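Each ligand, and each atom within it, is numbered from 1 in the order the structure gives. Please read these numbers as outputs of a predicted model, since none were measured by experiment.
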Amino acid sequence: MSLRNKTVIVTGSTSGIGLGIARGFAEAHANVVINGFGEAEDIAAEVASLETLGEGRISYDAADMSNPDQIAAMVDHTENEFGSVDIVVNNAGVQLVEPVESFPLDKWDQIIAINMNAAFHSTRAALPGMKARGWGRIINISSAHGLVASPFKSAYVTAKHGITGFTKTVALEAAEFGVTVNAICPGYVLTPLVEKQIPETAAARGITEEEVKRDVLLAAQWTKKFVTVEQLAGTALFLCSDAAENITGVSLPVDGGWTAA
Ligand code: NAD
């Protein structure tokens with residue numbers, strides 16, 4: 001698939017799922033703006049690596065997804081540098097697992113800001129250009145937790161359910177302008193964030209790392225397989241294809257059957 005001359009912003013793409021999606025878009029020859037935190041030299045290496053994958057241009061924007069002004073400025077800079085923002089992948093996200101009674105107030109605000117409000121701010125900034133050009137794709141990386149809950153993840157589940165409603169609403173507003181708005185709802189993905197928890201959980205529960213994967217992390221994932229970043233990149237690219245022109249407002253599970261049960 002070629003996305004030559006299309007420009008995509010992937011938020012939170014210095015790691016994990018966002019990085020995998022940025023790679024997929026770079027391979028499809030899109031111009032890719034990556035974003036997220038990290039060491040300057042690691043980010044420079046990532047930009048250089050993405051540049052080898054396709055024929056689009058790659059750049060980095062350091063916008064903090066909890067800051068509405070920086071999000072709007074990122075869209076503005078990208079439009080000035082590349083001429084358009086055709087695709088936005090709202091991927092940046094953070095998590096905290098804590099009972100609701102002791103959930104820290106600042107963490108609640110931070111998770112709602114990054115996991116939910118950021119998608120509003122980027123959409124608000126990028127949608128006018130998409131509508132004017134008659135083509136656009138907004139892809140929100142939600143979660144199985146955008147469709148079902150788990151205990152001790154109140155802020156995360158609230159934000160991801162909010163994304164489900166936001167996705168539907170903007171899909172209706174944008175429908176006649178060639179712009180689709182969808183969410184992808186992954187199950188567990190073995191990103192560095194999740195990998196780090198495996199030895200810790202094995203030690204805490206006195207079980208093997210294999211048992212942690214099968215009986216804890218993949219307990220709800222009926223395929224007993226982790227979702228891969230390549231599968232999520234493929235799903236995002238599909239949503240940008242002509243075949244997906246009439247798919248809008250959906251929250252698409254990529255979760256090994258988790259939310260079917
Ligand atoms: P990750 O921790 O590997 O990557 C998160 C990225 O977001 C990093 O690049 C980080 O720098 C960036 N980020 C964090 N705060 C930011 C901020 N304020 N401004 C800009 N960038 C910021 O996480 P991941 O597992 O790749 O998760 C990515 C998305 O996928 C999240 O929205 C997450 O909720 C969702 N998700 C992950 C899983 C999973 O199992 N890993 C499952 C379902 C959904």
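- Near V194, the atoms of ligand 1 lying under 4.0 angstrom from a non-hydrogen atom of the residue are 40 (O), 41 (N).
- Of the candidates G16, A119, A92, A92 brings a heavy atom nearest to atom 13 (N) of ligand 1.
- Counting only non-hydrogen atoms, the option in I17, L232, T14 that gets closest to atom 9 (O) of ligand 1 is T14.
- If you check which protein heavy atom lies closest to atom 1 (P) of ligand 1, you get S15 OG, 3.7 Å.
- A side-chain donor-acceptor contact under 3.5 Å links T158 to the backbone of S154.
- At distances below 3.5 Å, at least one donor-acceptor pair connects side-chain atoms of N91 with backbone N or O atoms of G12.
- Residue-to-ligand polar distances keep V94 apart from ligand 1: every N/O pair is separated by 3.5 Å or more.
- Taking atom 6 (C) of ligand 1 as the reference point, the nearest protein heavy-atom neighbour is G12 O, 3.3 Å.
- The closest approach between Y156 and ligand 1 falls below 4.0 Å for a heavy atom of the residue.
- Close contacts of ligand 1 with G187, meaning ligand atoms under 4.0 Å from a residue heavy atom, involve 40 (O), 42 (C), 43 (C).
- Side-chain atoms of K6 never come within 3.5 Å of backbone atoms of I87 as a donor-acceptor pair (strictly under, hydrogens ignored).
- Nearest residue to atom 31 (C) of ligand 1 from N115, L19, N35, N91 is N91 (criterion: closest heavy atom).
- Applying the 4.0 Å criterion to heavy atoms of I141 picks out, from ligand 1, the atoms 30 (O), 32 (O).
- Checked against a 3.5 angstrom limit, the closest N/O atoms of M65 and ligand 1 fall inside it.
- Only one option out of T248, T123, N140 pairs with T167 in a side chain to side chain contact (heavy atoms under 4.5 Å, CB included); it is N140.
- Proximity of a side-chain donor or acceptor of T164 to a complementary backbone N or O of G146 within less than 3.5 Å is detected.
- Near Y188, the atoms of ligand 1 lying under 4.0 angstrom from a non-hydrogen atom of the residue are 40 (O).
- Within 6.0 Å of atom CG in D242, 12 or fewer heavy atoms from other residues, nucleotides or ligands are found, so the atom counts as exposed in its surroundings.
- When only interatomic distances are considered, the shortest N/O to N/O separation between T191 and ligand 1 falls below 3.5 Å.
- Note: no N/O pair closer than 3.5 Å links G36 and ligand 1 by distance alone.
- Using modelled atom types, no side-chain atom of E79 and backbone atom of G83 make a donor-acceptor pair closer than 3.5 Å.
- Ranking the protein heavy atoms by distance from atom 16 (C) of ligand 1 puts F37 CE1, 3.4 Å first.
- Both M65 and V88 are assigned to one and the same hydrophobic cluster, defined by single-linkage of ILVMFWY side chains at heavy-atom distances under 4.5 Å.
- For atom 2 (O) of ligand 1, the closest heavy atom belonging to the protein is L193 CD1, 3.6 Å.
- Put simply, the side chain of H145 never gets that close to the backbone of K160: no donor and acceptor are under 3.5 Å apart.
- Scanning the protein for heavy atoms near atom 40 (O) of ligand 1, the closest one is V189 N, 2.8 Å.
- Side chain of R133 to main chain of V85: a donor-acceptor pair is present (N/O by atom type, distance under 3.5 Å, no hydrogens or angles).
- Of all the heavy atoms of H145, none lies under 4.0 Å from any atom of ligand 1, so neither backbone nor side chain is involved.
- Below 4.0 Å from some heavy atom of A63 lie the following atoms of ligand 1, by number and element: 19 (N), 20 (C).
- Side chain of D61 to backbone of N35: no donor-acceptor contact under 3.5 angstrom is found.
- Using cut-offs of 30° and 60° on the angle between ring planes, the pair F166 and F120 is perpendicular.
- Each of the atoms 18 (N) of ligand 1 lies under 4.0 Å from some heavy atom of I114.
- At a heavy-atom distance under 4.0 Å, only backbone atoms of S13 (N, CA, C or O) approach ligand 1.
- A distance-only check finds no donor-acceptor pair linking the side chain of E230 to the backbone of G20 [under 3.5 Å].
- Close to ligand 1: K160, with a non-hydrogen atom less than 4.0 angstrom away.
- For atom 35 (C) of ligand 1, the nearest non-hydrogen atom from the set P186, P192, S142, A144 belongs to S142.
- Within ligand 1, counting atoms from 1 as listed, the ones closer than 4.0 Å to a heavy atom of D64 are 17 (C), 18 (N), 19 (N).
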- [ ] Please report the C-alpha distance between R4 and E55 in whole Å, then the side-chain angles of each, then the deciding distance to 0.1 Å, and finally whether the salt bridge (Lys or Arg N to Asp or Glu O under 4.0 Å) criterion is met.
- [x] CA-CA 8 Å; R4 212 177 289 275; E55 289 164 22; 2.3 Å; yes

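- Between the side chain of D86 and the backbone N or O of G136, no donor-acceptor pair lies under 3.5 Å.
- Comparing heavy-atom distances from atom 5 (C) of ligand 1 across S66, G93, A22 singles out G93 as nearest.
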